[in-house]
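For reference, the structure discussed in these notes is given below.
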Number of protein chains: 2
Amino acid sequence: MADDRLSVVFAALADPTRRAILARLARGEATVNELAEPFEVSLQAVSKHLKVLERAGLITRGRDAQWRPCRLETEPLEEASAWIRRYRDVQTDRMDRLEAAIGRIRSGAGDTDEDGAERPQRGQ
Amino acid sequence: MADDRLSVVFAALADPTRRAILARLARGEATVNELAEPFEVSLQAVSKHLKVLERAGLITRGRDAQWRPCRLETEPLEEASAWIRRYRDVQTDRMDRLEAAIGRIRSGAGDTDEDGAERPQRGQ
DNA sequence: TCGTTGTTCAATCTCTGGGTTGAATATCCA
DNA sequence: TGGATATTCAACCCAGAGATTGAACAACGA
């Protein structure tokens with residue numbers, strides 16, 4: 001896996017166990033044992049998942065005697081969300097521009113570029 | 001990697017090359033060669049990346065003579081975004097409820113639960 | 001038809017992710 | 001101090017990701 005921030009965050013989210021852990025933490029802090037309880041995997045496996053989440057900045061961990069309470073951190077989620085948002089709407093945008101272009105053509109203006117993207121020639 | 005839809009989408013996004021490909025496609029359709037051009041990896045590697053994106057539903061591919069134009073599909077992005085959104089704001093929510101609780105305490109009501117999460121006992 | 005261009009398939013390599021078990025460490029409580 | 005509980009570390013296994021190279025397939029154009 002690539003080690004840039006966004007890749008690490010998306011990779012951390014690409015596992016149902018880890019997403020379930022985050023969902024649980026959204027309801028409040030929890031210890032490793034509490035987090036592991038719903039799953040069939042070993043405690044050590046959960047511990048590894050938590051490390052992945054921590055590395056991604058998605059959780060932070062405190063200390064309370066022998067417990068290591070986990071807490072959800074939302075900033076990386078914001079970052080990931082921002083990336084997605086940038087491309088989520090292009091389909092619509094493209095349609096809007098296409099419709100606008102059609103409108104101009106109908107009204108006799110004509111000759112517009114749909115989306116301004118570079119289009120290298122397909123030479124052979 | 002887990003094979004549920006959300007995991008497949010997040011895993012597809014967890015690679016900078018694939019994100020760059022999506023970013024390029026947001027500016028319009030492109031062929032494999034066009035998509036591969038900015039990268040130093042082999043064409044075959046890019047072809048594999050496209051397969052991953054296709055499996056995640058993030059792109060669809062047409063046929064135009066010997067070219068296989070790729071097109072961005074935004075629906076899985078919407079899905080991923082929706083998942084993130086559900087947890088992105090809990091920090092704020094928790095703060096809001098905490099502030100509300102403090103407000104109640106100050107006004108003499110007192111005894112409120114911060115966020116209503118279950119908290120199993122830490123028995124030994 | 002033949003050469004060229006675009007793309008994929010197949011075999012292979014290496015590295016890492018996610019899982020396991022067993023031992024170690026940390027902290028509490030009697 | 002010593003036993004119990006919570007958590008992590010270490011070593012290992014296996015499947016799959018991402019890359020490579022070489023060959024195959026598809027479609028054009030002269």
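As the structure is a prediction and not an experimental result, all values here were calculated from the model. Note that these values count all heavy atoms, side chains included, but never hydrogens, waters or copies made by symmetry.
The interatomic distance linking B/Phe39 (CZ) with D/dT20 (P) rounds to 13 Å, in whole Å. Atom CD1 in A/Ile59 sits roughly 12 Å away from atom P in D/dT7 (whole-Å rounding). In this entry the distance linking CG of B/Asp15 with C1' of D/dG18 reads 8 Å, nearest Å. Rounded to whole Å, the distance from CD on B/Gln66 to C1' on D/dC25 is 12 Å. Atom pair B/Glu34:CD and C/dT7:C1' shows a separation of 13 Å (rounding to whole Å applied). One atom, CD of A/Glu29, and another, P of D/dA6, lie 17 Å apart when rounded to the nearest Å. What separates CG of A/Asp3 from C1' of C/dC15 is a distance of 14 Å, to the nearest Å. Between A/Glu37 atom CD and D/dT7 atom P the separation is 13 Å, expressed in whole Å.
Nearest to the side chain of B/Arg63, among D/dT7, D/dA27, C/dG18, sits D/dA27. Nearest nucleotide to the side chain of A/Val41, out of D/dA27, D/dT5, C/dG19: C/dG19. Relative to the side chain of B/Asn33, the nucleotides C/dG6, D/dT7, D/dT20 differ in distance, and C/dG6 lies closest. Closest to the side chain of B/Arg18, out of D/dA6, D/dG18, D/dA26, is D/dG18.
Taken together through direct or relayed side-chain contacts under 4.5 Å among Ile, Leu, Val, Met, Phe, Trp and Tyr, B/Trp83 and A/Val8 form parts of separate hydrophobic clusters. Each of A/Val52 and A/Ile21 belongs to its own hydrophobic cluster when Ile, Leu, Val, Met, Phe, Trp and Tyr are linked at side-chain heavy-atom distances under 4.5 angstrom. Connection of B/Phe39 to A/Met1 is not established within any shared hydrophobic cluster, with ILVMFWY side chains joined at heavy-atom distances below 4.5 Å, either directly or through further cluster members.
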List, with names and distances, any nitrogen or oxygen atoms from the protein found under 3.5 Å away from nitrogen or oxygen atoms belonging to nucleotides 14-16 of chain D.
none

- Message: Quick one, A/Leu13 with B/Leu13, criterion side-chain contact (heavy atoms from CB on, under 4.5 Å). Give me CA distance, side-chain angles, the key distance, then yes/no.
- Response: CA-CA 10 Å; A/Leu13 295 177; B/Leu13 295 177; over 6 Å; no
- Tell me, with the steps shown, if B/Cys70 and B/Leu50 meet side-chain contact (heavy atoms from CB on, under 4.5 Å). CA-CA 8 Å; B/Cys70 299; B/Leu50 293 176; 4.0 Å; yes
- Step by step, work out the side-chain contact (heavy atoms from CB on, under 4.5 Å) result for B/His49 and B/Thr17. CA-CA 8 Å; B/His49 281 305; B/Thr17 302; 3.8 Å; yes
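DNA chain C is contacted by B/Gln44, B/Ser47, B/Lys48, B/Lys51 of residues 44-58 of chain B, taking any non-hydrogen atom closer than 4.0 Å.
Not a single donor-acceptor pair under 3.5 Å links the side chain of A/Glu37 to the backbone N or O of A/Glu34.
Remark: A/Ser42 is in phosphate contact with C/dT20, judged by side-chain N or O atoms under 4.0 Å from OP1 or OP2. The phosphate of C/dT8 (OP1 or OP2) has a side-chain N or O of B/Arg61 nearer than 4.0 angstrom.
Salt-bridge check for A/Arg68 with A/Glu54: failed, with every basic side-chain N at 4.0 Å or more from each acidic carboxylate O.
A donor-acceptor pair shorter than 3.5 Å can be found between the side chains of A/Ser81 and B/Arg88.
Residues A/Leu43 and A/Ala65 each lie close to DNA chain C; by heavy-atom proximity, the contact nearer the 5' end of the strand is made by A/Leu43.
Residues meeting the salt bridge (Lys or Arg N to Asp or Glu O under 4.0 Å) test with B/Arg19, sequence neighbours left out: A/Asp4.
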